[in-house]
Amino acid sequence: MTSTKTNVFTDPRNGGRAVVTGATSGIGRAYAIALARLGYRLLVTGRRHSLLEAVAEEVRQAGAPTVDARVIELSDTSVVDALCSELARAADTEYLVNNAGFATGKPFFEDPNGNDRMNTVHIDVPMRLMYATVPGMERRGHGCVVNVASLAAYLAVPYASTYVASKAYLIALTECVSLEVDPSIVRIQALAPGYVHTDFHRDGLIPDRERRSRGLIRWSSPEAVVKHSLRCLEKNQVLSVPGALNRILLGVSRITPRSVLYATASRRLRRRYRP
Ligand SMILES: NC(=O)c1ccc[n+]([C@@H]2O[C@H](COP(=O)([O-])OP(=O)(O)OC[C@H]3O[C@@H](n4cnc5c(N)ncnc54)[C@H](OP(=O)(O)O)[C@@H]3O)[C@@H](O)[C@H]2O)c1
């Protein structure tokens, strides 16, 4: 099914390719399907082979002219080297979604290797994929980059130190780089969702019973997140925070004294890990 709606900026031009990392589930899967509907050729990555095959089929059904599904461990530098060389040579990427990410819920001092791996996947890989694709976008005269960060980047969260820090880095990087490109040619976005129903919280990271909207805390769908991201790119908004209540939370977090944030935002998490 192809889209009947024409978007001025986010539609593909000249048969461009979209690259979505971490497309086996959640936001990446929803983004790949949305871009297929817009008519992009797709390159999707993930590690869970059977899910990746299923998403490739969904993307084909959604209208992508071609689908290239790659099983890639993004913390493997040599594999990422090869992918970046290939993308730079082809210079046909028009849409890049740096989406792959994970959390561990482990104490900072107990997981040095995990922290390194997270920085690689959340920071190094997005940077390297941007180096590999943005010059080609500039030559083609059109391109979009979405770096999927998190609203958590604005908070202080125990047992998520590298997660919060890497996402804050990604937001700052994206905002600065967006000022170095011509937005009539390339638009770069930091997408900072709040809680989203995906596979991210599997393995008990957030218990099932707590995965529901209450008070100011809202859970959204991956599709709603993607819709907001696309709308923000059309409006050339560099920071995309889906959900009105999440934007209020962001505003509140910016004016709340850090000492109050430390005391309140982390209390529940501390209780969970150190009952
Ligand atoms: N869900 C939320 O509440 C939430 C909130 C804010 C931000 N985010 C961000 O949104 C992004 C997408 O997450 P999601 O919520 O959609 O979770 P998800 O359903 O778990 O999807 C994460 C994707 O990233 C891939 N991935 C993770 N680590 C990888 C690695 N080392 N190498 C290769 N691929 C890897 C996964 O691949 P495999 O599973 O196939 O290995 C999967 O496709 C992440 O960057 C996350 O930080 C999520």
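On a predicted model such as this, the values are computed, not experimentally measured, just so you know. Order of appearance sets the numbers: ligands from 1, and atoms from 1 within every ligand.
Side chains of Thr10 and Arg187: no donor on one and acceptor on the other come within 3.5 Å.
In summary, the aromatic rings of Tyr163 and Phe200 are positioned with their centroids under 6.0 Å apart. For His142 and Phe9, the distance between ring centers is under 6.0 angstrom.
We find the OG1-CD distance between Thr45 and Glu73 to be 10.0 Å, quoted to the nearest 0.5 Å.
Shown here is His49, whose NE2 atom has no more than 12 heavy atoms of other residues, nucleotides or ligands within 6.0 Å.
The protein residues lying under 4.0 angstrom from ligand 1, judged by non-hydrogen atoms, are Gly22, Ala23, Thr24, Ser25, Gly26, Ile27, Gly46, Arg47, Arg48, Ile72, Glu73, Leu74, Asn99, Ala100, Gly101, Phe102, Val121, Val148, Ala149, Ser150, Tyr163, Lys167, Pro193, Gly194, Tyr195, Val196, Thr198, Asp199, Phe200, His201, Arg202.
Taking a 4.5 Å side-chain heavy-atom cut-off between Ile, Leu, Val, Met, Phe, Trp and Tyr, the cluster of Leu250 extends to Leu151, Tyr154, Ile171, Leu239, Val241.
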